[in-house]
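The structure under discussion appears below in the form of structure tokens.
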Number of protein chains: 2
Amino acid sequence: MVTPCTSGRHDHHDIYAAQCPCREVLDLLANKWSALAIGAMEEGPQRFGALQRRLEGVSPKVLTSTLRRLEDKGFVSRTIYPAVPLHVEYALTDLGRSVARPLAQLRLWVENHIDEIAQA
Amino acid sequence: MVTPCTSGRHDHHDIYAAQCPCREVLDLLANKWSALAIGAMEEGPQRFGALQRRLEGVSPKVLTSTLRRLEDKGFVSRTIYPAVPLHVEYALTDLGRSVARPLAQLRLWVENHIDEIAQA
DNA sequence: GAAGTTACTTTCCTTTGGGAAGTAACTGCC
DNA sequence: GGCAGTTACTTCCCAAAGGAAAGTAACTTC
């Protein structure tokens with residue numbers, strides 16, 4: 001049996017249910033590069049190059065796909081300024097600004113507790 | 001140039017720095033199965049089979065490796081009760097209970113905002 | 001001695017992630 | 001005219017991680 005994602009008239013979603021659309025969204029947000037990219041954009045709209053420099057070690061390929069998926073779900077907007085040289089800005093939407101809070105808490109938790117974490 | 005992870009005498013860590021150990025930890029925690037498993041264990045110690053049923057759709061292989069990595073970093077303890085049939089319990093450590101809070105906020109955010117998210 | 005229970009491991013295949021290099025569009029500059 | 005410079009990506013290739021299915025091990029109960 002597959003647990004349904006919603007139950008009752010209050011449309012309560014269960015992220016533990018395999019079929020829940022929440023799963024797909026969690027998979028997108030609970031991701032190293034998504035968490036870092038959204039954090040970077042909290043400081044204001046960012047250009048592709050700026051994000052690439054900020055998220056040290058990200059390849060352009062992975063950054064592009066991360067931003068595209070965030071855009072598809074409505075967390076990020078992509079604006080092209082056809083100036084020369086080409087100028088593309090990525091910014092958080094209202095939804096993106098909303099999810100930035102819990103993601104920031106997770107990033108801060110890691111920074112604040114790293115010393116307590118036993119390393120191999 | 002590679003941004004150092006820590007700077008100054010206050011040992012401030014920067015999760016955006018590629019070499020920071022925070023990165024490794026973020027990669028472990030900012031993960032669908034880790035976030036769900038830690039949430040499940042908030043309700044108390046859980047056996048392997050119980051976790052597998054709760055995290056609908058997880059394969060035993062992936063569940064094992066998720067739990068092992070969480071154990072390695074000190075978020076989860078693994079206790080074997082050599083009863084028959086074999087009984088293994090996974091429980092959050094203090095550190096695990098601490099990080100469970102921000103992860104719960106992320107899961108709840110997703111459940112509460114799923115209706116606002118534009119699906120393809 | 002066959003079946004059941006729990007907790008995995010193994011195998012195989014697909015998907016995702018990472019590094020390096022290439023492309024496209026357009027502006028200067030010589 | 002043509003070559004370097006800038007920005008924002010693609011493309012290619014390989015390695016690592018994720019997922020489905022089946023197998024294993026230890027021990028009890030029927």
Side-chain angles (χ1 to χ4, degrees), chain A residues 1-2 16-20 23-37 40-41 45-73 76-91 120, chain B residues 1-2 16-20 23-37 40-41 45-73 76-91 120:
Chain A
M1 168 200 155
V2 173
Y16 282 90
Q19 307 305 321
C20 187
R23 270 293 184 78
E24 204 180 331
V25 173
L26 182 66
D27 208 15
L28 170 61
L29 296 174
N31 169 281
K32 182 176 52 172
W33 296 127
S34 292
L36 292 174
M41 287 183 281
Q46 302 286 327
R47 301 179 59 168
F48 188 88
L51 287 171
Q52 203 180 324
R53 266 170 268 124
R54 189 81 207 280
L55 278 59
E56 266 187 37
V58 74
S59 71
K61 185 187 94 170
V62 172
L63 182 56
T64 303
S65 90
T66 300
L67 291 169
R68 288 279 194 285
R69 281 181 297 157
L70 289 173
E71 195 193 352
D72 285 348
K73 295 292 177 193
V76 164
S77 66
R78 180 173 182 266
T79 311
I80 302 173
Y81 297 93
V84 164
L86 183 59
H87 183 122
V88 179
E89 266 189 10
Y90 295 90
Chain B
M1 166 200 156
V2 173
Y16 283 90
Q19 307 306 320
C20 187
R23 271 294 184 80
E24 202 180 334
V25 173
L26 182 67
D27 208 14
L28 170 60
L29 296 173
N31 166 284
K32 182 177 53 173
W33 296 126
S34 291
L36 293 173
M41 287 183 281
Q46 302 285 327
R47 302 179 57 169
F48 188 88
L51 286 171
Q52 202 180 324
R53 266 170 267 122
R54 188 82 204 282
L55 278 60
E56 266 186 38
V58 75
S59 73
K61 185 186 93 169
V62 172
L63 182 56
T64 302
S65 90
T66 299
L67 291 169
R68 289 278 194 286
R69 283 181 296 156
L70 289 173
E71 195 193 352
D72 285 348
K73 294 293 177 193
V76 164
S77 66
R78 180 172 182 265
T79 310
I80 303 173
Y81 298 93
V84 165
L86 184 61
H87 183 123
V88 179
E89 266 189 11
Y90 295 91

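The chains referred to below are lettered A, B, ... by the order of the sequence lines, with proteins before strands, and numbering in each begins at 1.
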In whole Å, what is the span from the [atom1] atom of [X] to the [atom2] atom of [N]?
X	N	atom1	atom2	answer
Gln46(A)	dT7(D)	CD	P	15 Å
Leu51(A)	dC9(D)	CG	P	10 Å
His87(B)	dC8(C)	NE2	C1'	15 Å
Leu63(B)	dA17(D)	CG	P	17 Å
Gln52(A)	dC9(D)	CD	P	10 Å

> Quantified as the angle between the terminal helix axes (five pairs each), what is the overall bend of the helix from dG1(C)-dC30(D) to dC30(C)-dG1(D) to 10 degrees?
Replying inline: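 The value is 20°.
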
>> How would you summarise protein contacts on nucleotides 9-23 of chain C per nucleotide, using B for base, S for sugar-phosphate only and - for none, with heavy-atom distances below 4.0 Å?
In response: BBB-----BBB----

To the nearest 0.5 Å, how far apart are [atom1] in [X] and [atom2] in [Y]?
X	Y	atom1	atom2	answer
Leu86(A)	Phe48(A)	CG	CZ	11.5 Å
Gln46(A)	Arg53(A)	CD	CZ	9.5 Å
Asn31(B)	Lys32(A)	CG	NZ	11.5 Å
Gln19(B)	Glu24(B)	CD	CD	11.5 Å

>> Is a donor from one side chain sitting under 3.5 angstrom from an acceptor on the other, for Tyr90(B) and Arg78(B)?
In response: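 Their side chains do contain a donor-acceptor pair, which is all the 3.5 Å distance test asks for.
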
>> Check whether Ser34(A) reaches the backbone of Leu28(A) with its side chain - one donor and one acceptor, N or O, closer than 3.5 Å.
In response: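 Judged by distance alone, yes, a pair lies under 3.5 Å.
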
Distance check: side-chain N/O of [X] vs OP1/OP2 of [N], anything under 4.0 Å?
X	N	value
Arg47(B)	dT6(C)	no
Arg78(A)	dC9(D)	yes
Tyr90(A)	dC9(D)	yes

>> Please evaluate residues Glu56(A) and Arg23(B) with respect to the criterion salt bridge (charged side-chain N to carboxylate O under 4.0 Å, His left out), reporting the C-alpha separation (whole Å), side-chain torsions for both, the decisive distance (0.1 Å), and the verdict.
In response: CA-CA 10 Å; Glu56(A) 266 187 37; Arg23(B) 271 294 184 80; 5.9 Å; no

> What do the steps show when you test Val88(B) against Tyr81(B) for side chain to side chain contact (heavy atoms under 4.5 Å, CB included), and what is the final call?
Replying inline: CA-CA 6 Å; Val88(B) 179; Tyr81(B) 298 93; over 6 Å; no

> Knowing that exactly one of Asp72(B), Val62(B), Leu51(B) qualifies, which makes a side chain to side chain contact (heavy atoms under 4.5 Å, CB included) with Leu67(B)?
Replying inline: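 Checked Asp72(B), Val62(B), Leu51(B) against Leu67(B); only one passes side chain to side chain contact (heavy atoms under 4.5 Å, CB included): Leu51(B).
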
